[in-house]
Amino acid sequence: MSTLVTYHCEDKVGVVTLRRPDKLNAINAALKEQLIATLEGADADDEASVVLLEAEGRAFSVGFDIVGAASDDESAHDPFRWESILRNSMRMALAPWSMNKPVIAAVQGYALGGGCELAMMCDLTIAADDAKFGEPEVKFSHVGPVMVMPWMIGLKRARELVFFGDLIDAKTALDYGMVNKVVPAAELPAKARMYAQRLALVSPEALRWAKRSINRGAEVAGIRTAIEAGVDSYISLYAGRTKVNDEFAERVQKDGLKAALGWREGQFKAFDFS
Ligand SMILES: C/C=C/C(=O)SCCNC(=O)CCNC(=O)[C@H](O)C(C)(C)COP(=O)(O)OP(=O)(O)OC[C@H]1O[C@@H](n2cnc3c(N)ncnc32)[C@H](O)[C@@H]1OP(=O)(O)O
């Protein structure tokens, strides 16, 4: 089986790369399996505090492999096969969401259909100024796992994006809250690493519980239950922790809070790319 997803760790950042550039990283069954396994491996890698999901070539991902699926005549009408494809798609969509570590998607070119949802399911998204997002599935009478879209961009915008299937540019995606940052295309790999490395300065344990709290908040129905669920996370974070951010705590003790905050700001400044 060819390698469609690779992994390496650099400076506490676990880099997961989609490598099917000739097909604009279209997601076939093999890529899906490899991506799920690689993300799980990255989550288990003690060297990595943060995971960066990037893609080789001119597109992040054009979504589900509609060419491969169309040529797969034999099983095209087998409902059990479709169930397995869709269940695996859900597993892939939930993989970054379920991980302990924050996952940052770095998007250049197209992020369409399943590729758009994959970027949305990551904790943070940094986009090149040439990025284009969209949910064109309706154009092929498909619907992707778009349940996440109302959370991301609100009902009206989600409906427009999904019903019409039109693409939006990076600036609009930023305006919609689908991405956190837009950077010049040529600078995307370097800026994405800076963004990830800045996050890697924060206590991995605090990040893990921050992620869990936010995701649980998004999963429950109302603000009251969201807050109550968040309390469990805080209890787990604070009751279970022994050493968090020691250097910061030591500086607070030694030099006072203002000086400690100044030290932390100085650290962050080194990664400022505005
Ligand atoms: C539940 C379902 C969820 C879904 O995700 S459905 C899929 C949603 N995605 C799409 O609808 C995108 C379809 N693709 C396109 O519209 C176009 O492509 C683009 C506008 C993205 C790019 O156009 P251009 O720049 O002219 O490139 P190119 O020559 O069309 O594509 C380069 C190679 O990539 C393959 N490819 C593109 N999209 C897909 C895809 N979704 N599935 C499988 N292959 C794809 C092509 O076929 C071709 O390959 P070759 O050079 O061998 O002809």
Side-chain angles (χ1 to χ4, degrees), residues 1-5 17-36 39 53-97 105-122 125 127-153 157-173 176 178-179 185-186 188:
M1 193 195 281
S2 57
T3 303
L4 302 172
V5 182
T17 310
L18 306 181
R19 292 200 191 276
R20 206 186 172 208
D22 53 327
K23 303 293 178 194
L24 308 183
N25 296 307
I27 302 166
N28 60 10
L31 188 144
K32 212 182 291 176
E33 285 294 342
Q34 289 182 32
L35 179 57
I36 294 167
L39 287 173
L53 174 60
E54 60 181 13
E56 189 184 348
R58 66 183 170 97
F60 177 72
S61 172
V62 286
F64 186 59
D65 188 334
I66 42 183
V67 177
S71 63
D72 196 0
D73 292 335
E74 248 180 57
S75 51
H77 301 291
D78 177 350
F80 295 109
R81 185 165 179 282
W82 275 108
E83 187 180 338
S84 125
I85 288 173
L86 292 173
R87 284 203 187 285
N88 267 353
S89 299
M90 292 294 163
R91 276 179 63 216
M92 184 189 74
L94 280 172
W97 184 269
V107 175
Q108 78 281 13
Y110 297 106
L112 306 182
C116 179
E117 286 129 28
L118 179 62
M120 294 302 100
M121 292 305 282
C122 293
T125 302
D129 54 9
D130 70 352
K132 287 198 163 46
F133 295 82
E135 297 283 350
E137 289 101 319
V138 280
K139 293 184 177 167
F140 319 103
S141 307
H142 280 289
V143 181
V146 292
M147 298 77 85
V148 67
M149 296 316 281
W151 272 107
M152 298 288 164
I153 59 176
R157 284 169 166 174
R159 289 188 186 115
E160 195 172 48
L161 200 70
V162 173
F163 289 179
F164 288 90
D166 293 334
L167 309 193
I168 58 170
D169 62 17
K171 210 164 150 289
T172 310
Y176 279 18
M178 289 168 80
V179 307
L188 181 69

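Atoms within each ligand, like the ligands themselves, are counted from 1 in listed order.
Which parts of ligand 1 touch Ala26 is read off a 4.0 Å heavy-atom cut-off, strictly below it: atoms 40 (C), 42 (N), 43 (C), 44 (N). For ligand 1, the atoms closer than 4.0 angstrom to any heavy atom of Gly114 are 4 (C), 5 (O). Interface of Gly113 with ligand 1, defined as ligand atoms under 4.0 Å from a residue heavy atom, comprises 5 (O). For ligand 1, the atoms lying closer than 4.0 Å to a non-hydrogen atom of Gly63 are 5 (O). Taking every non-hydrogen atom of Asp22 and a distance limit under 4.0 Å, the qualifying atoms of ligand 1 come out as 33 (C), 34 (O). Set against the non-hydrogen atoms of Asp65, the atoms of ligand 1 under 4.0 Å away are 42 (N), 43 (C).
Heavy atoms of Glu117 found under 4.0 angstrom from ligand 1: none, in either backbone or side chain. Of all the heavy atoms of Phe64, the ones lying under 4.0 Å from any atom of ligand 1 are found in both the backbone and the side chain. Here Lys23 has heavy atoms under 4.0 Å from ligand 1 in both its backbone and its side chain.
Put simply, the side chain of Gln108 gets close to the backbone of Gly57: a donor and an acceptor are under 3.5 Å apart. For Asn25 (side chain) and Glu56 (main-chain N/O), a donor-acceptor pair under 3.5 Å exists by modelled atom type. Between the side chain of Gln34 and the backbone N or O of Val5 there is at least one donor-acceptor pair closer than 3.5 Å.
For atom 28 (P) of ligand 1, the candidate residues are Arg58, Glu137, Lys132; the nearest heavy-atom contact is made by Arg58. For atom 9 (N) of ligand 1, the candidate residues are Leu112, Asn25, Leu167, Val62; the nearest heavy-atom contact is made by Val62.
Side-chain atoms of Asp65 and Leu31, non-hydrogen and from C-beta on, never get closer than 4.5 Å to each other.
Interatomic distance, CG of Leu24 versus CG of Leu112, reported as 9.0 Å (0.5 Å rounding).
With sequence neighbours excluded, no residue satisfies salt bridge (Lys or Arg N to Asp or Glu O under 4.0 Å) with Glu160. Evaluation of the side-chain hydrogen bond (donor to acceptor under 3.5 Å, both in side chains) rule for Thr17 yields no partner, not counting sequence neighbours.
Nearest heavy-atom pair across Val138 and Phe164 is CG2-C, 4.3 Å.
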